[in-house]
Visitor: 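Below are the structure tokens for one structure; questions will follow.
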Amino acid sequence: MNSNFSIPLRTVTMLLVSYISGDRASMIRAHSHKDVVLPCQGAYSGDFILEFLVITWQRSDNDAVVHSFFHGRDQPVYQEEECRGRTQLFPGEFHKGNASLLLKDVRESDAGSYTCHYILHDKDGYTPQRVVLQVQNKDILMANPPDLLENNRRSWSRRLCLLPVPLIISALLLAMFRKFRNDQKWSTPPEDQEALLDRSPTLYGAIESYKRKVLSTIERCCKSACTEEGAEEEKDDCLPRIFHTMSEEMLHECSDKGKQNMGFTFTEKEGTVQSEDLFTHKTHELISERMLIFGDAGIGKSCFSKGLLKQWASGQKNLCYKCIIYVPFNELNTIKEHISVRRLLESKCPELSPVLTELLVKEKILVILDGLDEFMHDLKDSSPPPKNTCDVDTPLDISTLITKVIYKELLPGTNVLVTSRLSYVPKIKENFTSAFILEPFTEDQVKEYCEKFVPFDNISGSILDFIRKHNLSSLVSIPLLSSTLCQLYKKGDHSQNEGSLTTSSRLMFSLLQLSVKTTLTETGHIDPAIPKKFEVPESIQNTINQLCKISYENLINGVQEIKKKDLEVNNSLISGVLETKAKDKVNCLKTDFFLKNLSEFFFKRDAKGDTFEYRHASIRDMFAALYCVMQIQEEKELTKFLDALVFGEMLQDLKGPLLDKITSDHWKRFQNFIRFFFGLLSYKNNNLLSQPLSLSKDIKEFLKQWFQAWIEKCPQKMKFFNLLHCAFELQDPDLKKDISHSIKNINLFNIPLNSLDIKALCYCCQNSVLEVMDLRLCELRDPALEQLQILIRMCKDVMLSSNKLSEKSGEILGSLLGDEKCTIEKLSLGTNCLGDSGTKHIFKGLENNKSLKFLSLTGNNIRDLGTVSMAQSLKDNKTLKELRLCMNFFGHDGIINIKKLKSDRPDLKIVTRIAEDEEVLRYTEEKVKGLLSSGSNQYKMTWLIQLLQEVLKDLNDDENTHSCVENTVKERVQILKNNISHVLREHLTNQLTLNV
């Protein structure tokens, strides 16, 4: 007998029970922190069909699930937490009946009995097989000499003999145990199991190798964040973020051809997902085969995507995927020849090449395609392309390949996640079944970011004070701009530009100025302690000019890197041709230092220093915009440039080096670039180290006429939205006033707005006299409404339905309505979350209101309590003429309060049910008929189902409370209910089909 280890009493007990019962368990011994294979061999008759196979491994003592496999794939959702990420089956062996389990990184707590269940066809039945795992701790063995181990064994034997049972029974049991142990194989796994362990790296080893490469190559997203020299660099830079689920109708509104939506909408109260939970088992219901993540430039889409990849590779997060592959679209732009899916994925992760087929067919993997708005090829945007015979080995042009992936002709069973800016939504969007919006930083997250990446109280505290002092919270809600401000503060270069750091373009441009100043200081050209005006040396100016020119070409071609040799083409000083002269040597030195400083802020250099990659696409956009600002000289040229890049207006005589390769679709991709262009106009013909100058009188007059002309044309919503941001970037008080007076109506229906968007909107409309402001379905929350107060107060028709407004928003609106300067005549607040408390503030504000005539509170979860304040506050109001309360469900007391208010205010029309009012009923009928005739693909399925169920509930309630309804109306209601039921059945059937 081998006496290298002691045997716990529970193991002895299990062995004895097993011996007596006839259940012969396989005995496996393993060392801690090593891998081991637990054997299991099943049997079946007939054909092997993977979809019918069920394999389950459980702990014998408590039935805890160690690993589960059915429906053709692993089912980690049922797996015990401590086993996740440590178990693996061998799919290549399934057809042989082999259900063995690889247990990785064995722990002492893994010791015990396991049961394997293998079943292929119901008729075959199954026989559970048991395995007993004994775990050895190497360290303990090394520390215990043989004689001590022998003493331990003898001590154990004595303890067993002292059990309160007759000695003869104890001896018999001990003999049975020894015989049983000799019959089992304790020392090593069987040869075939060792072979499995050797072969497991085919999949497991390939994935582990790929993980190591990911962890060694992927950079921190904020590597340029403020870290003191010598300080810790290996921080996790991916702060927890917030996502909002995005409705399909919102996708349509963000494209060129938005479709008319229903007048009232319903959105989920809890439409948020924490980034830490996304793609984990907590949110598995949100995962689908084709998913989208949207967000503005600099919001952190790429950072999140790379962080997700890093978290998977490091095992920090319990994700649903066996493997994640990351492919940026800007790299796809460089592919000119035909390529297959296999070759594309192998080029990104050659470590997976031997097992790629097994991964794609048998495992759950995620392919991330990052930056669709950077893809320079046209995707098929009409009806789905005809299905041709193609597979992962068929070479295709890159546009066709990506289109077929999105249409699920290729990789149909693989989860694909695409990221994009919200403004660039091609018509293929209907192929995505899940969409998420990445939210900007909250104020707490900005604080967390500063404290994490500038871990010095005197600096991080000063940054936060600076943000509050200059009201920059909206600006730094964009993570890229938070990082930029941190850079400026760390270098102490914020004070000189303190008054001008008001827009993203000026904040980013200050980093370029900082790079120049740092270079001149390091080369002894200037003394930072002596405030003087300096000219930018010719060598540095030449480098900047060439950098800007290449960046514009890269923008057009979708390229993300610059070759150092290309920067030297027009600058002989860098190439060393004139290095024989002392002056030129100094210039070369300055240029080298400048390139080094640029790399710190703007670029990542390869190991040889020959290639510069932009740290973010916005950096390329800024340099490209600066090039255009320097190149455009004539007013006519500026007009053509702005019409083409802002609105996609392409004239036949459109010529010139800046517009030769521009198409009518470029405005979608270039929105961030064009905002930089407007922001940098104030630096035209100006020293790069100077503060921005006021625009010339001629430029102001030109821009005034250009803005006013386009506002009068009432451009499509996204174009108007971009126009507001362009005006905001100018930061010119005179132009702001002229533009503001030109804006009469705002229609941003179904366009999600973040804090910076709202700041731009308020800036441009500060002096406007608004007739209509439609901000329905804009993802507004209470802080956003607080920003919008000045515009709401001075607008006649305000539409805020289907946002995320709660009691706090009710308090804000109540205050506005109670203001004697309030001009609101019509206020639509349907399907929010105001509740009784929020509406109480609104009713209170109406007690002295002199302007509001129409108020819709449809679907706001108002109950009987809310009708108390309504009846009290509105009885003396003289201006309100119509109040809509549909889809709020009142009890007996609520109905009595409403009747009392009707008695006190006979001039006030109160609609509590859809069928009560001809206008509301007719509108609902038209919308439901539209769903039946033209379909509802433009709507999110869950949103539509919930909305129709609420409408149906409202209509059903009419049968119980309104028996006096005319027969003709009853017939119409019944037809409407039948139509709604038909739509619901159709969509629920579709949903079930999709789930299956």
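Because only heavy atoms are used, hydrogens play no part in the values below, and waters and symmetry mates are left out as well, while side chains stay in. Note that the numbering runs from 1 along the sequence shown for the chain.
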Visitor: Looking at every non-hydrogen atom in both residues, tell me the closest pair between A760 and L724 and how far apart they are.
Guide: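 Between these two residues, the closest heavy atoms are CB-O, 4.4 Å.
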Visitor: For a side-chain contact (heavy atoms from CB on, under 4.5 Å) check, start with the C-alpha distance between L681 and E729, then their side-chain angles and the critical distance, and finish with the verdict.
Guide: CA-CA 10 Å; L681 276 175; E729 290 293 328; over 6 Å; no
Visitor: Would you find a donor on one side and an acceptor on the other, under 3.5 Å apart, between the side chain of Q445 and the backbone of T442?
Guide: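 The answer is yes, because a donor-acceptor pair under 3.5 Å joins these two groups.
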Visitor: Out of E561, Q560, R615, which one pairs with R620 under the side chain to side chain contact (heavy atoms under 4.5 Å, CB included) rule?
Guide: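 Of E561, Q560, R615, side chain to side chain contact (heavy atoms under 4.5 Å, CB included) with R620 is met by Q560 alone.
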Visitor: Do the side chain of Y552 and the main chain of L658 share a donor and acceptor less than 3.5 angstrom apart?
Guide: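 Confirmed, Y552 side chain pairs with L658 backbone.
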Visitor: Kindly compute the distance separating CG (D296) from CG (N754), expressed to the nearest 0.5 Å.
Guide: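 The CG atom of N754 is 5.0 Å from CG of D296, to the nearest 0.5 Å.
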Visitor: Output the distance between atom SG (C303) and atom NZ (K310), rounded to the nearest 0.5 Å.
Guide: 9.5 Å
Visitor: Could you walk me through whether Y210 and W312 pass the ring-ring contact (aromatic ring centres under 6.0 Å, His included) test, one step at a time?
Guide: CA-CA 11 Å; Y210 172 54; W312 165 79; 5.7 Å; yes
Visitor: For the CG atom of L547 and the CG atom of N554, what is their distance to the nearest 0.5 Å?
Guide: 9.5 Å
Visitor: Please determine if E208 and K211 form a salt bridge, counting it only when a charged side-chain N lies under 4.0 Å from a carboxylate O.
Guide: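 Salt bridge between E208 and K211, a charged N being under 4.0 Å from a carboxylate O: yes.
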Visitor: Side chain to side chain donor-acceptor pair (under 3.5 Å) between S340 and D393: does it pass, once the steps are laid out?
Guide: CA-CA 5 Å; S340 66; D393 294 306; 5.0 Å; no
Visitor: Between T400 and L396 (side chain of the first, backbone of the second, donor and acceptor by atom type, cut-off under 3.5 Å), is there such a pair?
Guide: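 Such a contact is absent between T400 side chain and L396 backbone.
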Visitor: For side-chain contact (heavy atoms from CB on, under 4.5 Å), just list the numbers for I550 and L567, CA-CA rounded to whole Å, side-chain angles, deciding distance to a tenth of an Å, and then say yes or no.
Guide: CA-CA 8 Å; I550 295 173; L567 288 175; 4.1 Å; yes
Visitor: Taking K719 for its side chain and F647 for its backbone only, find out whether a donor-acceptor pair lies under 3.5 Å.
Guide: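 Looks like yes, one N/O pair under 3.5 Å.
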Visitor: Answer yes or no: is there an ion pair linking E289 with K408, defined by an N-O contact shorter than 4.0 Å?
Guide: yes
Visitor: Is a side-chain donor or acceptor of S477 paired with a backbone partner of S474 at a separation under 3.5 angstrom?
Guide: yes
Visitor: Output, in order, the C-alpha distance, side-chain angles, deciding distance and verdict of side-chain contact (heavy atoms from CB on, under 4.5 Å) for E351 and K213.
Guide: CA-CA 9 Å; E351 298 82 4; K213 177 190 173 183; 2.7 Å; yes
Visitor: State whether a side-chain donor-acceptor pair under 3.5 Å links D391 with T394.
Guide: yes
Visitor: Could you tell me which non-hydrogen atom of F441 sits nearest to which non-hydrogen atom of S482, and how far apart they are?
Guide: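 Closest pair (atom of F441, atom of S482, distance): CD1-OG, 3.9 Å.
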Visitor: Aromatic rings F721 and H725: how do their planes relate, parallel, tilted or perpendicular, breaks at 30° and 60°?
Guide: perpendicular
Visitor: Scan side-chain atoms only and decide if N333 and N557 contain a donor-acceptor pair under the 3.5 Å cut-off.
Guide: no
Visitor: Within the 4.5 Å heavy-atom criterion, are F720 and L748 side-chain neighbours or not?
Guide: yes
Visitor: Determine whether the side chains of Y627 and N545 contain a donor N or O and an acceptor N or O closer than 3.5 Å.
Guide: no
Visitor: With rounding to the nearest 0.5 angstrom, report the CD1 to CD1 distance, I368 to I325.
Guide: 10.0 Å
Visitor: Output yes when a side-chain donor or acceptor of E439 lies under 3.5 Å from a complementary backbone atom of R241, and no otherwise.
Guide: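 Judged by distance alone, no pair lies under 3.5 Å.
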Visitor: Show your working on side-chain contact (heavy atoms from CB on, under 4.5 Å) between D757 and I751 and close with a plain yes or no.
Guide: CA-CA 10 Å; D757 296 331; I751 297 177; over 6 Å; no
Visitor: Run the numbers on F678 and F728 for ring-ring contact (aromatic ring centres under 6.0 Å, His included), then give the verdict.
Guide: CA-CA 9 Å; F678 276 93; F728 175 69; over 10 Å; no
Visitor: Going by heavy atoms in the side chains, are K336 and D397 under 4.5 Å from each other?
Guide: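 No, every pair of side-chain atoms sits at 4.5 Å or beyond.
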Visitor: Where is the tightest heavy-atom contact between Y326 and K306, given as atom of each residue plus distance?
Guide: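 Nearest heavy atoms, Y326 then K306: OH-CE, 3.4 Å.
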Visitor: Determine the minimum heavy-atom distance between T484 and L507, stating which atoms define it.
Guide: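 Reported closest heavy-atom pair: CG2-O, 3.4 Å.
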Visitor: May I ask you to test the L512-F601 pair for a side-chain heavy-atom distance under 4.5 Å?
Guide: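 No, their side chains stay 4.5 Å or more apart.
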Visitor: Are the side chain of S599 and the backbone of K604 linked by a donor-acceptor contact shorter than 3.5 Å?
Guide: no
Visitor: Are L345 and L356 close enough that some pair of their side-chain heavy atoms sits under 4.5 Å apart?
Guide: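 Yes. Closest side-chain heavy atoms under 4.5 Å.
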Visitor: Say whether S618 and N672, considering side chains only, have a donor N or O and an acceptor N or O under 3.5 Å apart.
Guide: yes
Visitor: Show the nearest heavy-atom pair for residues L680 and V629, with the distance to one decimal.
Guide: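 So the two residues come closest at O-CG1, 3.7 Å.
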Visitor: CE/M718 to CG/N722 distance, rounded to the nearest 0.5 angstrom?
Guide: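 Between M718 CE and N722 CG, I get 7.0 Å after rounding to 0.5 Å.
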Visitor: Does any non-hydrogen side-chain atom of F677 lie less than 4.5 Å from one of L642?
Guide: yes
Visitor: Between S515 (side chain) and L511 (backbone), is there a donor-acceptor pair under 3.5 Å?
Guide: yes
Visitor: Evaluate F436 against F294 for ring-ring contact (aromatic ring centres under 6.0 Å, His included), listing each step before the verdict.
Guide: CA-CA 6 Å; F436 310 93; F294 286 105; over 10 Å; no
Visitor: So, R342 and T357: side-chain donor and acceptor under 3.5 Å apart, yes or no?
Guide: yes
Visitor: Apply salt bridge (charged side-chain N to carboxylate O under 4.0 Å, His left out) to residues E331 and K348 and explain how you reach the verdict.
Guide: CA-CA 10 Å; E331 290 185 9; K348 289 300 300 176; 3.0 Å; yes
Visitor: Between L308 and I324, is any pair of side-chain heavy atoms under 4.5 Å apart?
Guide: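 Yes, close enough: below the 4.5 Å cut-off.
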Visitor: Determine whether the side chains of R290 and N415 contain a donor N or O and an acceptor N or O closer than 3.5 Å.
Guide: no
Visitor: For L360, run the side chain to side chain contact (heavy atoms under 4.5 Å, CB included) check against I365, V355, L410, L352 and tell me which one passes.
Guide: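 The side chain to side chain contact (heavy atoms under 4.5 Å, CB included) with L360 is passed solely by I365 among I365, V355, L410, L352.
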Visitor: Got a donor-acceptor contact below 3.5 angstrom from the K322 side chain to the K364 backbone?
Guide: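 No; zero donor-acceptor contacts below 3.5 Å.
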Visitor: Between S353 (side chain) and C349 (backbone), is there a donor-acceptor pair under 3.5 Å?
Guide: no
Visitor: ring-ring contact (aromatic ring centres under 6.0 Å, His included) for F612 and F602? Distances and angles first, verdict last.
Guide: CA-CA 9 Å; F612 297 82; F602 297 120; over 10 Å; no
Visitor: Report the relative orientation of the aromatic rings in F279 and Y321; use parallel for angles under 30°, tilted for 30 to 60°, perpendicular for over 60°.
Guide: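 Answer is tilted, since the angle falls between 30° and 60°.
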Visitor: Ring-plane angle category for F603 and Y614, please: parallel below 30°, perpendicular beyond 60°, tilted otherwise.
Guide: tilted
Visitor: When rounded to the nearest 0.5 angstrom, what distance separates CZ in F676 from CZ in R506?
Guide: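 Output value for this atom pair is 13.0 Å.
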Visitor: Determine the minimum heavy-atom distance between L401 and I339, stating which atoms define it.
Guide: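 Between these two residues, the closest heavy atoms are CD1-O, 3.1 Å.
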Visitor: Indicate yes or no: at least one non-hydrogen side-chain atom of P479 is less than 4.5 angstrom from one of I299.
Guide: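 Answer yes - side chains close enough.
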Visitor: Do the charged groups of E374 and R421 touch, with an N to O distance under 4.0 Å?
Guide: yes
